[in-house]
Amino acid sequence: QVHLVESGGGLVQPGGSLRLSCVVSGRFFSANIMSWYRQSPGRERELLAMITRGGSTHYEDSIKGRFTISRDDAENTAYLQMNNLKPEDTAVYYCNAQIMTETMSQNTYWGQGTQVIVSS
């Protein structure tokens with residue numbers, strides 16, 4: 001019933017920038033927490049950033065200072081602005097949303113993932 005659709009991934013040179021988007025659609029009351037994760041082959045899925053409805057944010061040290069998470073509740077969209085990208089940032093990036101449904105129950109949803117490749 002709730003769907004997350006990511007976009008904005010692709011190929012970028014080291015030092016470049018990308019902006020990922022995550023649109024939450026369907027029938028729900030609110031997205032309490034939205035997060036961005038990434039996963040590389042052979043590694044665990046890594047939490048990168050979180051943002052609450054009130055705008056509070058959390059960043060992992062690995063990307064702090066380079067990535068910025070934001071949200072536009074009018075558009076039900078979360079963003080991840082990625083600057084100064086490095087080859088080690090290459091991964092599949094996933095959006096996650098903690099959703100309050102219309103029946104006032106909480107559920108967690110994942111996006112399909114979008115590939116980011118940082119290479120010259």
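Nothing here was measured: the structure is a model prediction, and the numbers come from that model.
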- Could you walk me through whether Asp89 and Phe67 pass side-chain contact (heavy atoms from CB on, under 4.5 Å), step by step? CA-CA 11 Å; Asp89 294 320; Phe67 293 9; 4.0 Å; yes

- Under the 3.5 angstrom rule, does the side chain of Ser105 hit a backbone N or O of Thr103 as a donor-acceptor pair? no

- Establish, from distance only, whether the side-chain atoms of Gln1 and His3 form a donor-acceptor pair under 3.5 Å. no

- Query: So, are Asp61 and Lys64 salt-bridged, with charged N and O less than 4.0 Å apart?
  - Reply: yes

- Message: Check for me whether Arg19 meets the cation-pi criterion with Tyr79, that is, NZ or CZ under 6.0 Å from the six-membered ring centre and within 45 degrees of the ring axis.
- Response: yes

- Item | Stepwise side-chain contact (heavy atoms from CB on, under 4.5 Å) test for Val2 and Thr101 | CA-CA 9 Å; Val2 175; Thr101 69; 5.6 Å; no

- Query: More than 12 non-hydrogen atoms from neighbouring residues, nucleotides or ligands closer than 6.0 Å to CD on Gln112, yes or no?
  - Reply: no

- Ser119-Gln13 side chain donor-acceptor pair, cut-off 3.5 Å: no

- Indicate whether the side chain of Ser17 and that of Asn83 have a donor and an acceptor atom separated by less than 3.5 Å. yes

- Could you check Cys22 against Met34 for side-chain contact (heavy atoms from CB on, under 4.5 Å), going step by step and ending with a plain yes or no? CA-CA 9 Å; Cys22 173; Met34 301 195 71; 4.0 Å; yes

- Message: In the structure I gave you, are the side-chain heavy atoms of Tyr93 and Leu48 within less than 4.5 Å of one another anywhere?
- Response: yes

- Any side-chain heavy atom of Ile117 within less than 4.5 Å of one from Gln115? yes

- Answer yes or no on whether Arg45 is positioned over the face of Tyr94, meaning its NZ or CZ is under 6.0 Å from the six-membered ring centre and within 45° of the axis. yes

- Item | Residues, nucleotides or ligands: over 12 heavy atoms within 6.0 Å of Glu44 CD | no

- Message: Looking only at the side chains, is there a donor atom on one of Asn32 and Ser30 sitting less than 3.5 Å from an acceptor on the other?
- Response: yes

